[in-house]
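Remarks on the structure that follows.
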Number of protein chains: 2
Amino acid sequence: MKGIRQLAEHLDISIGTVSRALNGKPDVNEETRRRVLAAAEELGYVANQSGRSLRQGETKVIGLMIESSTEAVENADNFFIGVTSGLQSVFARHKLDLVMLPCPSDEDPHEYLKRIVARRIVDAMIISNMQRIDRRIDLLSRAKIPFIAVGRSLSPGNFPWIDLDFEGVADRAVERLVARGHRRIAITAPSSEVNLGYVFLESYRRALERRGIAFDPSLVIRVKSSEHGGYQAAHELLVLKERPTAVILIYELMAIGLYRRLMESGVMPGRDLAVIGFRDAPRARFLQPSLSCFRMSLYDLGIALGRTLLANMPAYRQFYPDDGRNVVWPLELVPGESDAFDPGTGEKEFEPERLSFDDRTVEF
Amino acid sequence: MKGIRQLAEHLDISIGTVSRALNGKPDVNEETRRRVLAAAEELGYVANQSGRSLRQGETKVIGLMIESSTEAVENADNFFIGVTSGLQSVFARHKLDLVMLPCPSDEDPHEYLKRIVARRIVDAMIISNMQRIDRRIDLLSRAKIPFIAVGRSLSPGNFPWIDLDFEGVADRAVERLVARGHRRIAITAPSSEVNLGYVFLESYRRALERRGIAFDPSLVIRVKSSEHGGYQAAHELLVLKERPTAVILIYELMAIGLYRRLMESGVMPGRDLAVIGFRDAPRARFLQPSLSCFRMSLYDLGIALGRTLLANMPAYRQFYPDDGRNVVWPLELVPGESDAFDPGTGEKEFEPERLSFDDRTVEF
DNA sequence: CCAACATTCGTAAACGTTTACGGAGTGCGT
DNA sequence: ACGCACTCCGTAAACGTTTACGAATGTTGG
């Protein structure tokens with residue numbers, strides 16, 4: 001099946017009518033429409049996207065830009081796959097397709113996005129891994145490409161975003177640890193170019209000071225968000241003169257390396273050092289000791305991103321009258337065993353909430 | 001900047017010449033070409049992809065279909081991001097763009113691919129997560145869309161593929177374990193619909209029988225390839241009447257759950273049960289005990305996939321005269337602590353190769 | 001000086017759609 | 001019988017590009 005022309009000839013109908021029939025336009029006889037749809041189905045005809053895009057000036061494709069550095073939490077690994085299914089459940093209602101656009105690691109993300117935008121491959125973009133100053137915002141605004149960012153940025157101008165509640169996470173993590181008696185609380189942070197690293201750190205600093213604990217720069221560990229980074233972080237904690245009694249991880253899998261390095265020195269996580277992590281609860285839960293962590297539903301986040309993006313697109317705004325506002329996405333604390341002890345005595349003074357590993361109850 | 005027409009008017013040159021200049025066609029004055037390129041750069045002109053695709057009948061986009069089920073190893077998590085950068089390093093040379101096409105979890109993968117193909121969004125496809133009988137092969141062949149599969153299938157007809165050497169992995173894993181005295185070796189396997197599950201299992205069975213060990217179906221543990229699956233797998237192993245002394249995991253992160261469940265019953269991995277895993281060495285290395293595993297370079301695999309795909313496309317075949325053949329991708333064994341003991345005595349009889357966790361040496 | 005050729009460029013068709021416009025046919029009210 | 005509204009459909013233009021073709025100009029060789 002070549003194109004709509006062949007389909008029209010086969011039906012002995014004009015090509016215009018066929019197009020209208022397929023696109024659900026009103027001025028076409030229902031009987032004719034039925035025939036057209038049947039023939040299209042039979043011959044396996046689907047409109048060529050290039051022709052359609054050219055004519056309509058839109059591609060019906062939404063791009064999700066992804067970068068694979070280990071700097072930021074989003075890039076860790078399953079973040080994108082996670083939000084993807086939420087996004088698609090929204091887009092499917094409008095026959096929009098989602099494509100993930102991986103920025104080559106040797107290409108400047110800004111240049112890459114510029115290329116994608118200029119070629120008019122997508123109608124809208126979802127970007128993440130926001131830098132403190134992110135030129136992509138200006139680029140997309142100028143090009144009038146609707147977009148939404150996962151995370152804020154200091155770049156001037158208003159733009160749609162949904163950010164994780166790092167402020168809340170840092171505050172509640174510190175709150176929880178301080179309540180259990182911790183005073184020296186370390187934290188891991190990615191490069192300060194990445195905005196979330198900056199935000200997370202500032203939130204942590206404020207959370208401490210709010211409770212009368214002085215901020216100690218030596219407790220900020222700059223490592224990659226990876227297993228290896230966790231290993232290095234543990235190493236740096238162990239050599240500190242005044243060793244902290246707790247640490248907050250920005251990525252849950254760092255705990256693997258952290259745990260290992262601690263144990264190599266006979267330091268038991270969950271007894272000698274409290275650990276609180278971030279993001280993937282299923283994984284955190286199976287670590288030993290299980291990791292107290294802040295979880296969220298990537299699926300729901302995907303839905304929110306999709307709705308907010310569409311609410312910012314003129315053609316779809318009508319469907320999402322209540323969306324479109326920027327939101328600070330809440331995280332839920334899932335308590336584990338990794339911080340369930342008294343830092344003074346080392347005793348398991350606080351009983352962790354009971355975990356169940358039944359086949360049925362463990363699904364999140 | 002609207003289109004090539006505006007650019008042409010601005011230069012007071014015909015639109016045809018501008019196009020030729022930009023595309024490096026020969027019959028254009030070098031001075032003119034210089035002017036055109038300069039103006040295009042200045043005004044930020046980039047050819048509209050729809051117009052170009054429509055005219056040329058090709059999109060310069062290669063699709064990588066991804067599914068997010070936890071059934072197969074490829075879908076686990078960072079597999080796609082890993083091969084992506086290898087793929088792009090090949091595609092970049094031909095100005096081809098790579099897009100990842102996530103199949104919605106509630107849509108039939110075959111139908112999804114059919115839609116993508118029919119809309120002519122991509123010039124070629126990379127598919128993975130092959131089923132034992134995979135209708136996508138027939139679909140793509142019929143549509144004459146060049147493609148390459150990660151993994152084989154029983155579907156009839158020749159098609160380009162690169163498969164991981166499961167046969168070799170299973171054989172060497174069994175070899176290694178048997179050499180250390182193990183006789184009862186369990187294995188985890190995904191659904192038998194997924195071809196690699198079937199292949200892996202058959203390879204394992206043959207490896208056993210080659211060494212005079214009877215295949216015991218009760219040692220085949222069918223669980224999801226996830227942390228939770230690992231937990232369940234350990235549970236199933238523990239309740240067996242005749243408990244195995246070793247287990248082969250099809251996905252490295254399963255070890256997290258497996259380790260945990262074992263320890264909950266006082267069984268020490270690496271002392272009471274040998275474990276060999278699969279695929280991501282950096283992660284495996286930081287587990288405690290570190291996981292002996294079969295690793296590969298996803299980057300190199302990506303390069304091979306890219307080259308083989310292009311070698312199967314008429315327009316690019318010339319650049320890859322030596323590629324195009326199907327290959328069974330070798331895996332390298334990275335020894336760890338998880339199987340470094342004597343199953344009879346439980347003693348650490350075999351000294352594991354020394355691991356280094358220096359900052360510099362740990363990068364793979 | 002002329003034919004033959006090379007270089008450079010403009011013209012226009014083509015790719016597959018969608019859609020504004022108008023025409024044909026029908027039914028209805030006057 | 002006429003005008004009008006309504007339904008349905010065909011015609012053709014337009015989207016932005018690439019490219020076959022040929023025209024115009026300059027160059028060369030005899």
Side-chain angles (χ1 to χ4, degrees), chain A residues 1-37 39-40 43-61 95 97 115 117-123 143 315, chain B residues 1-37 39-40 43-61 95 97 115 117-123 143 315:
Chain A
M1 170 53 46
K2 279 289 301 306
I4 201 175
R5 161 155 284 118
Q6 282 68 25
L7 183 56
E9 284 172 3
H10 176 259
L11 284 162
D12 204 33
I13 290 183
S14 92
I15 152 180
T17 303
V18 173
S19 174
R20 279 190 299 266
L22 291 172
N23 293 15
K25 292 298 163 70
D27 52 351
V28 42
N29 186 298
E30 279 310 319
E31 164 63 13
T32 321
R33 189 194 304 280
R34 208 192 42 70
R35 280 181 57 219
V36 172
L37 289 176
L43 302 184
Y45 168 81
V46 179
N48 176 304
Q49 188 59 35
S50 301
R52 169 179 287 187
S53 298
L54 181 57
R55 168 64 216 226
Q56 307 200 125
E58 57 180 19
T59 63
K60 299 284 184 188
V61 173
K95 295 196 183 305
D97 268 319
R115 224 177 66 218
V117 164
R119 284 175 50 176
R120 302 257 137 72
I121 276 179
V122 297
D123 289 346
Chain B
M1 171 53 46
K2 280 289 302 304
I4 201 176
R5 161 156 284 120
Q6 281 68 24
L7 183 57
E9 284 171 4
H10 176 259
L11 285 162
D12 204 34
I13 290 182
S14 91
I15 151 181
T17 303
V18 173
S19 174
R20 278 190 299 266
L22 291 173
N23 292 12
K25 291 298 163 68
D27 52 351
V28 43
N29 187 298
E30 279 311 319
E31 165 62 12
T32 320
R33 189 192 305 280
R34 208 191 43 69
R35 280 182 56 219
V36 172
L37 289 176
L43 302 184
Y45 169 80
V46 178
N48 176 305
Q49 187 59 36
S50 301
R52 169 179 286 187
S53 298
L54 181 57
R55 169 62 216 230
Q56 307 200 125
E58 58 180 16
T59 64
K60 300 284 184 187
V61 173
K95 296 195 183 305
D97 269 319
R115 225 177 66 219
V117 164
R119 285 176 51 176
R120 301 258 136 72
I121 277 179
V122 298
D123 288 346

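What you see below is based on every heavy atom in this structure, not just the backbone, and it leaves out hydrogens, waters and symmetry mates. Here is the naming used below: chain letters follow the sequence lines, and residue numbers restart at 1 for every chain.
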Mind grabbing the angle between the end helix axes of the helix from C/dC1-D/dG30 to C/dT30-D/dA1? Five pairs an end, 10° rounding.
60°

Nearest 0.5 Å, please: how far is CD in A/Q49 from CD in B/Q49?
12.0 Å

Return the minimal non-hydrogen interatomic distance between A/L11 and A/A39, and the atom names on each side.
CD2-CB, 3.7 Å

Inter-residue atom distance A/S14.OG - A/E9.CD, 0.5 Å rounding:
11.5 Å

What nucleic acid atoms does A/D27 come within less than 4.0 Å of, heavy atoms only: base, sugar-phosphate, or nothing?
base

Spacing of A/N29 atom CG relative to D/dG10 atom P, expressed in whole Å
11 Å

Give the rounded distance in Å between these two atoms: CG of A/L11 and P of D/dG10.
11 Å

Closest approach of B/L54 and A/S50, non-hydrogen atoms and distance?
N-CB, 3.8 Å

How many angstroms lie between atom NZ of B/K60 and atom CZ of B/R52, to the nearest 0.5 angstrom?
7.5 Å

Gap between atoms CD and P, on B/E31 and D/dT25 respectively (whole Å)
20 Å

Looking at every strand, decide which applies to A/T32 at a 4.0 Å heavy-atom threshold: base, sugar-phosphate, or nothing.
sugar-phosphate

Round to the nearest Å and state the distance from A/I13 atom CD1 to D/dT7 atom C1'.
15 Å

Could you pull out the closest heavy-atom pair between B/D123 and B/T59, with the gap in Å?
OD1-N, 2.7 Å

Nucleotides 12-18 of chain C: protein proximity per nucleotide (B base, S sugar-phosphate only, - neither; heavy atom, under 4.0 Å)
-BBBBBB

Should B/T17 be listed as having a side-chain N or O under 4.0 Å from OP1 or OP2 of C/dG10?
yes

For A/R33 and A/R20, work out which heavy atoms get closest and say how close.
NH1-O, 3.8 Å

Show your working on side-chain contact (heavy atoms from CB on, under 4.5 Å) between B/E31 and B/R35 and close with a plain yes or no.
CA-CA 6 Å; B/E31 165 62 12; B/R35 280 182 56 219; 3.9 Å; yes

